[in-house]
Amino acid sequence: MDENSKLKGGPDVCPGKRGQLDLATVKAEIEETSGPEYWRSLEELAGSDEFREMMHREFPKGASEWLESFSRRGFLKTMGASLALAGLTGCTKLPDTVIVPYVKQPENLIPGKPMYYATAYTLGGYASPIIVESNMFRPTKVEGNPDHPASLGGTDVYAQASLLDLYDPDRAQTVTYMGDVRSWTAFTEAVRGPISVQKGIAGAGVRILTQSVSSPTLAGQIRDYLKANPQAKWHVYEPINRDNVNEGAKMAFGEVVETRYDLSKADVIVSLDADFLYAGFPGNTRYIRDFASRRNPDAEMNRLYVVESTPSSTGMKADHRLPVRAANIENLAHVLAAGCGVASSATPSLSDQETYYVMAASKDLQDHGGSSVVIVGDHQPPALHALAHQINAKLGNIGKTVFYTEPVDANPANRNQSLHELVEDIRGGKVDLLLILGGNPVYDAPAELEFASALKSNAVALKVYLGTHNNETAVLCQWHVPEAHYLEAWSDARAYDGSASIVQPLIDPLYGGKSAHEIITILAGQPGLTGHDLVQQYWQKQHTGGDFETFWRKSLHDGWIAGTTYAPKNVSAKGISPQRSQPADANAIELNFRRDPSIYDGRFANNGWLQELPKPLTKLTWDNPVMIGPAMASRLKLSFKDVVEVELNGKKVKGPIWIQAGHPDNMVTLFLGYGRTRAGRAGTGTGHDAYPLRTSQAPWFASGAKLTPTGEIYNLASTQGYQTMETPDGSDRPLVMETDLEEYKKEPAFAKEGEVPKELTLYPAVDYSKEMYAWGMAIDLNACVGCNNCIVACQSENNIAVVGYEQTLKGRHMHWIRVDAYYQGDRNNPKGYFQPVPCMQCENAPCELVCPVGATVHSSEGLNDMVYNRCIGTRYCSNNCPYKVRRFNFLLFQDWETPQYKMMRNPDVTIRSRGVMEKCTYCVQRINEHKIDAETASVREGKDVRVGDELKTACQQSCPANAIVFGNLNDANSAVNKWKAQSRNYSLLAELNTRPRTTYLAEVRNPNPELKPESQHERSAG
Amino acid sequence: MSGTTALENPVYGLMAEFDSPQELLDAAHKTHSAGYKDIDAFSPFPVEGLADAIGFHKNAVALVVLICGIIGGLSGFLLQVYVAVITYPVNVGGRPNFSWPSFIIVTFELTILFGGISAAVGMLALNGLPMPYHPVFNVPAFSKASDNKFFLLVSSADPKFDAARTREFLKGLAPRAISEVPS
Amino acid sequence: MATQTPIPVEVPKEDQRVPVIEPGHSFATIGEKVSNIVLRRPVSLGWVFGFLVMFSGMNMLLFALGYLFMKGTGIWGITIPIGWGFAIINFVWWIGIGHAGTLISAILALLRQSWRNSINRFAEAMTLFAVACAGVFPLVHTGRPWLAYWMFPYPNSMNYWPQFRSPLIWDVFAVSTYGTISLVFWFVGLIPDLATLRDRAENPIIQKVFGLLAMGWRGSARHWHRYETAYLLLAGLATPLVLSVHTVVSFDFAVSIVPGWHTTIFPPYFVAGAIYSGFAMVVCLAIPIRAVYGMEDFITARHLENSAKVMLATGLIVGYGYFIEAFMGWYSGNTFDSFLLWNRLHGPYAPWYMSLLISNIFIPQLFWLKYFRTSTFWLWILSLVILVGMWLERFIIIVVSLHRDFLNSSWGMYYPTKWDWMTYIGTIGMFLTFMWLFVRVLPMVSIAELRTLLPEAHVHEAEEVHK
């Protein structure tokens, strides 16, 4: 790097003069300190000249080697492994500042009894209110916050998996300057000069680049600084942004507003390419809950129309799904608008199938004026959003199912534009001090900006990057300050409804990471102010009346600040009729960009749980495919495994084909977030990078892509063996029982046909009714939206190992609960089903019978217990399990070394070793915890106290759709009994007479009588 | 060792050597009917009726095998019942503790195992094997007893035994040779 | 000592077919011919070379197992849903091969098939070695082989016992019993011949060794009397045993609920298949051995032809088994069973199923022609084909049934790894290593029993004694 030479002369501080060092003194110093302090002293030493000099003296050979920056990190790691991490495991103490536990007080901590704290996880600026379980001050599990309207107890996969990021061993662990280890003080010293210089010129050379910010405190801090230094600028960028939504709002209302839906009141929902039932869509957790609450065929059922380009889990749940290329959706929208009485500028011509569909939908919408909603996907153009606002207004949905509020985003500037300006300033040499607070623009900025080269150039004198990992962006900045994980630092954030939550840390920063707040204090010249002070001060200002201390404690305790929810706001849609963009060439191949369902924009690339999380439809792990539809595949003679080259305006990217049922013809979908070059040991080099094709002109879809087969072969690791419910011999298997509402009303017990009469058996059945408990589970297939939450929740709760790409490819993934996705019917527009499959806990368990050593036997409460210590691993039980829910440790899958993971694991669950079978046990550790509590309570209160429905399994607890219920079958009023009493209740593969304790509530769709699915099929077949 | 005499070394018996099983069988018959009881015959392979000829009719091997077989079967079945019903009853796949049909295999196998082993061990034991030393091996020609020669032995323990007269009697059987078996 | 002049042999009246023992032999020549292979024959370079080849194969097995213990069963191709792969396939294959030995020595003995006498010895040896090879797999295929002994019937520290309802426990008992009884049977048969070797050996050390093994056998009439009773009883016990062993092995599958496993036809057709492959292996070994060691006099065309007939018969039973499986798949109307049939015929493993039918059902029909029963070359080739076919049968039963069972979502594919192959080929190396040693250190045919086949061994009761 040429600027090395220039900048090496720059401030290189050695804190505190020391005399000549020798190993003994070093050791002594190190022993004095412990935990995080230990780290810092280590850094300071490493940074100091005496230390370098000493190392040369002590290890003449090794020294030069480890002084080279990369093996320096290696040195720190090894030295760390021996000393620091020993300190590290000891450093899990509460922050010095007072934080408030959710239910139990941290003082008088009972070892072995976890404590729960309310906090919030933020993605794209939107907070998911969560409760974090802490075992001996170590965060071990993330749950939804039942009291918060945005969660109601549910979470999303990202919040669940964010725990793994906290303990990611690849996180940046020290402040570095040009890759050399420095101390925090060295950093503050180094930037003091330049900052004061900027003060003189009103911050003309200061640029702050953040991700979407909804933290009132942080926004306040930055705004204060900008007030003091009017020339400085604040830029915001995030690749998965809501520019279209905001532009659309501007178009319709002249200002940016947040659109919020109340799906619990919506009888008819029309989604125009909106995947609002999957994580990443603001408010998805609440939307899933509300949507699912209306899918009960015995109550009044809602109806979902989905017009979508790239197939999504939302589309799979639709009563009527219409696959359309992204660009054509606008046309449909105009016709829909016209159908709903909105004066539309143009009425384009559609295929008769589309017309047929849209007409039926618009009629349905009008019949349900005031109780319907039209939702548009973030990646559809602004005009479409504006149109949707008008339709909703016309239907009288505003104030009933649709609400407009203040934007949650503190700085809803156009992301691409904002970054554009920044790059121009950089190239124009206007920037002297660039603070990049989080994000990874070098990796995910629009291609045409060539952000990397802009950053590499010497135009910017001082570049500071605050980030969790030493990633693509970090290496291009001189200073890299490790960012504190959200469980390590104080902050605040707003949920999709505007309600503010205090983000309280549960643990001191493992590697002395800093938060954006602290960086800004350095910038604003107010050092010493901690995140805690800042957040408290901010809310002190907002707080009116009442004693602040109680308000503060209550807010921390509840996980959100009462009365901060944005009130609906009266905005009137201007009468403009949005012009429709000129239609794309029908024959040109349309290229779509989508965030990856698992690793989002790439920020989770190093998160093993999410990398191995089967994507909702394809069930792919560790890779992103080039997705095309069946029609296109047969036309281009492409099949699975074929590697193709996708070209757009001269830029190329190579990836393996995935043929997705229901994917529109003549359209290709690429998923963002893969192909990272500096993600970490898990994420680096997985999949292909689609960003080089993505420009700010066409961030979501572009026409005129080229597809050329390369002749190469690549195997994608999908966890599902076969995706349609029809077997290749043409017969149909009764796995997911499904019918439509009319049929259901006629024959409510349609799902029970396979059931075997209880007495039809050679042996007398075991009687469980005398027991205090008989555990059982029911899963509502109608409610399940395939959001994958249960999988991650289970993985986190039960310490389930991550096995990696090769093993997953072999079929050795370890998930205890999986969500099977099945298709049925026309492959170009199939019906879709989701079926979560945990262990069925069969009463006549086939697995138990064949185990030679009795390692899996039945408990008196009907659990199919797995005794790891007794298991010798014959795998006979798995062969004989018709549901194939058993997982085997073919190799040593668990990480027994990495100390961080040791801290993360659930202390109540065994770490399985090699050669042992494992499987779902209904979270037996939770069952026993509750039983013990109940027993102690009975003793204390002298009456029979029993475990009730408050006991929840991990999957059930995290399920935003309330699709899973678990409880005591011997308790007549238990929820699970009520569910199992329903006529939809059936057991999977009942004919085998395994008598599963886990049963399913059959799926019932609510199609529009005017749109018979079959007629729709034969239409779309063409 | 052929130079030893009866005086300092009382003989174990007299042994006649024959060329064919037929000769041996006839000789054995004659000797037995002549009143010699403590006699034995040796052949490289089982000769039909030879045992009867020397007056050995019944052997106890079958009885041993029967008893051991029954013991094996019982112990097998009872062990499983003990394990599954008495000492550690546990719900396996919803089957009753005493699910006897699944115990039959092991019962059967143990019957065979005990029976089979007892057949071999019983046979050897009743034959007094292994036996590292036996006087008959002192006769040099006896090494052919496992090859192509057939021998008849009259033990000196027999009440009717008299070195001279017995030798005469054996001569009458026209053996290939007669040798004295030193003990 | 007087040299023996051979007594001319006239073929027994009742039997004008190819004799089971060529004319011109006497008690002495038999003993000489057989024992000389052990006592006199020099160790040839060819033997050493062959031994080294086989022995290196055996070492490959040890290497593969060593790596297996280090890494875990993950080095094999098995996965979920195909939890069993080569290990169990080979286990069933080897156990099956073992059956011929016991069948020949036990069942044919009961049926008084005199032709068995010259092949039973090495057939039994083959059984032992095959069972040894089979026995390797149930132990090493477990995830934690160092704990495999937990399958033996003893209570652990918590007074917890094995689970006797599991077919795997039945296997433990069946296979160990089978191994033990075969060994006993084999050794009992050896005792008289060991005595012969003891008496013929010149080298004092070898003499001592055989003397020790012979345990002082004197060939006394009393010995023979008890010996014959014991042998007969052993044969009587071994007969139901040999039939039971593969029945129990078939229970591993029949007792489960997996489509393609859960069927009542398994026990009989597993046993038939076992004998089928067993005789194939016997012929495979007999033909080269008799050629190399000049045993044509004792292992005659008669033996080979009879073996061919047995293979033809058992092969037809096996074919019937396949047919019934397919028929029930269609007739039951059960969607899973009918799919199983479809999957075998059209699924990803269809070629394997086809080659199974060809090598196991169609090609062996050539045995209807006397030419193929008597031509040693064709006999040898065909028995090789049958061995391959029977291995394929186990592959189809285990892998193809497992890889697509009840839930479409959990279907998978099985790809054997190099470690699978090394383990399999390694056991063949081990098997042949043992055979190689056996033919040189022990009499490969039963001297005593051969002698009883000579006409001069047949005695008739003298008249005068019956009064």
Side-chain angles (χ1 to χ4, degrees), chain A residues 756 758-771 773-776 839-867 870-871 874 876-883 886 919 969 987 990 992-997, chain B residues 60-127 129-130:
Chain A
V756 186
K758 273 239 182 291
E759 54 283 349
L760 189 70
T761 168
L762 192 63
Y763 285 132
V766 179
D767 175 23
Y768 295 94
S769 58
K770 305 277 168 296
E771 297 292 333
Y773 303 107
W775 305 112
C839 173
M840 297 285 143
Q841 314 288 344
C842 314
E843 286 187 3
N844 297 347
C847 51
E848 295 175 1
L849 197 65
V850 297
C851 177
V853 291
T856 179
V857 290
H858 235 64
S859 83
S860 58
E861 298 168 354
L863 290 185
N864 168 217
D865 290 338
M866 186 67 222
V867 191
R870 180 69 174 173
C871 178
T874 65
Y876 199 175
C877 51
S878 167
N879 290 347
N880 209 27
C881 171
Y883 311 98
R886 295 181 153 264
K919 68 163 193 63
L969 298 174
S987 37
L992 297 177
N993 195 31
T994 52
R995 303 224 185 117
R997 280 281 178 94
Chain B
V61 174
L63 183 64
V64 172
V65 172
L66 175 69
I67 294 166
C68 291
I70 291 171
I71 293 175
L74 279 179
S75 58
F77 189 75
L78 295 179
L79 169 72
Q80 298 178 79
V81 175
Y82 170 73
V83 168
V85 183
I86 299 153
T87 178
Y88 209 120
V90 58
N91 176 350
V92 171
R95 307 301 195 274
N97 293 333
F98 182 62
S99 45
W100 60 269
S102 43
F103 300 158
I104 289 173
I105 305 287
V106 173
T107 309
F108 169 81
E109 298 295 343
L110 283 186
T111 316
I112 302 286
L113 184 64
F114 279 51
I117 292 176
S118 65
V121 175
M123 180 270 286
L124 292 173
L126 292 168
N127 283 347
L129 300 177

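Throughout, a chain's letter reflects where its sequence line sits, starting with A, and its residues are numbered from 1.
When the heavy atoms of residues 60-92 of chain B are compared with those of chain A, the residues falling under 4.5 Å are B/V90, B/N91, B/V92, listed by number. At a heavy-atom separation below 4.5 angstrom, chain A is approached by B/G93, B/G94, B/R95, B/P96, B/S99 within residues 93-100 of chain B.
The side-chain hydrogen bond (donor to acceptor under 3.5 Å, both in side chains) pairs that include a residue from residues 850-862 of chain A are A/W775-A/E861, A/E848-A/H858, A/T856-A/N864, A/T856-A/R886, A/E861-A/K931, where partners are two or more places apart or lie in different chains.
For A/N880, there are no side chain to side chain donor-acceptor pair (under 3.5 Å) partners at least two apart in sequence or on another chain.
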